[in-house]
Amino acid sequence: MTQQLWTSVDDYITDLFVPFDAVMQETLATSEAAGLPSISVAPNEGKLLMLLARLCGARNILEIGTLGGYSTIWLARGMASKGSLITLEASPKHAEVARLNIARAGLSDVVEVLIGPAGDTLPQLAAKGRGPFDLIFIDADKESYPEYLAWAIRLARAGTLIIADNVVREGKILDPADMTHVSKAPAGSISYSQTSRALKLP
């Protein structure tokens with residue numbers, strides 16, 4: 001499949017299943033205006049996250065990597081009634097923008113943004129007994145994915161859904177010479193977990 005055909009199919013799916021949403025558009029616009037990198041999940045991936053959260057009846061959700069809160073809002077929209085979502089963001093600037101977007105979406109009462117490197121905040125969550133989580137979404141610095149996955153498993157329960165974005169890395173997962181991408185490590189680690197099942201997004 002050519003890149004042009006892939007893009008056309010992707011656009012078709014988005015147009016079919018993700019109608020215009022003023023809140024989500026404003027979230028992206030605010031993030032761009034603040035100078036955040038344009039690396040949020042695609043609209044159709046966001047809708048998928050919402051559906052997955054809804055299908056598994058997630059009440060407690062953990063997100064590793066907030067950015068501007070775009071995926072956070074999608075996940076929170078799919079969360080079960082009286083649920084809560086914790087999202088971890090290393091950058092104070094990104095967290096500030098995310099909180100603004102989350103408030104605009106009317107979700108501040110169910111979403112908590114924690115600032116600091118996930119390598120620090122994840123052990124703190126475990127120490128405070130903040131788990132287990134029903135759904136965990138990993139979308140942060142790729143080099144740390146093995147560490148994040150290990151913590152995700154510790155903070156999971158039997159049946160927890162763990163989702164990792166950017167694992168396939170445009171096919172680089174198949175290149176043994178490409179050591180700049182660590183996508184093989186999470187996939188391998190997941191196969192040994194008896195507490196969870198995993199879903200990889202391209």
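In this text, all values refer to a predicted model and were calculated from it rather than measured experimentally.
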Test item: [X] and [Y] side chains (from C-beta on) under 4.5 Å apart, heavy atoms:
X: Val23; Y: Arg77; answer: yes
X: Glu45; Y: Met50; answer: no
X: Thr87; Y: Val111; answer: yes
X: Leu135; Y: Cys56; answer: yes
X: Ile86; Y: Ile61; answer: no

Given the rule that I, L, V, M, F, W and Y join up when any side-chain heavy atoms are under 4.5 Å apart, are [X] and [Y] in one cluster?
X: Ile13; Y: Phe20; answer: no
X: Ile39; Y: Phe137; answer: no
X: Leu125; Y: Ile162; answer: yes
X: Val41; Y: Val18; answer: yes
X: Leu48; Y: Leu55; answer: no

Just how far is it from atom [atom1] of [X] to atom [atom2] of [Y], taken to the nearest 0.5 Å?
X: Leu122; Y: Trp151; atom1: CG; atom2: CH2; result: 7.0 Å
X: Asn44; Y: Leu16; atom1: CG; atom2: CG; result: 11.0 Å
X: Arg104; Y: Met24; atom1: CZ; atom2: CE; result: 10.5 Å
X: Ile163; Y: Leu49; atom1: CD1; atom2: CG; result: 5.5 Å
X: Leu149; Y: Ile64; atom1: CG; atom2: CD1; result: 8.5 Å
X: Glu26; Y: Leu100; atom1: CD; atom2: CG; result: 8.5 Å

Polar side-chain atom of [X] near backbone of [Y] as donor-acceptor pair, under 3.5 Å:
X: Asp139; Y: Gly65; answer: no
X: Lys93; Y: Ala34; answer: yes
X: Tyr148; Y: Lys142; answer: no
X: Thr160; Y: Arg157; answer: yes

Taking every non-hydrogen atom, the tightest pair across [X] and [Y]:
X: Ala126; Y: Leu155; value: CA-CD2, 3.8 Å
X: Arg99; Y: Val113; value: NH2-O, 2.7 Å
X: Leu67; Y: Leu36; value: C-CD2, 3.9 Å
X: Ile115; Y: Thr121; value: O-CG2, 4.1 Å
X: Glu89; Y: Thr66; value: OE1-N, 3.1 Å
X: Met79; Y: Ala58; value: CG-O, 3.3 Å

(request) Check the pair Leu161, Asp134 against side chain to side chain contact (heavy atoms under 4.5 Å, CB included), reporting the backbone distance first and the verdict last. (result) CA-CA 6 Å; Leu161 176 61; Asp134 305 313; over 6 Å; no
(message) Please determine whether the number of non-hydrogen atoms from other residues, nucleotides or ligands lying under 6.0 Å from atom CD of Glu147 exceeds 12.
(response) yes
(message) Within a 6.0 Å radius of atom CD on Glu32, are there more than 12 heavy atoms belonging to other residues, nucleotides or ligands?
(response) no
Looking just at side-chain N and O atoms, do [X] and [Y] make a donor-acceptor pair shorter than 3.5 Å?
X: Arg59; Y: Ser81; result: no
X: Asp141; Y: Ser144; result: yes
X: Glu63; Y: Ser71; result: yes
X: Thr7; Y: Gln3; result: yes

(request) Give the ring-plane orientation class for Trp74 versus Tyr70, where under 30° counts as parallel, over 60° as perpendicular and anything between as tilted. (result) perpendicular
(request) Might you work through the salt bridge (charged side-chain N to carboxylate O under 4.0 Å, His left out) test for Asp21 and Lys47, ending with a clear yes or no? (result) CA-CA 11 Å; Asp21 187 315; Lys47 185 66 173 288; over 6 Å; no
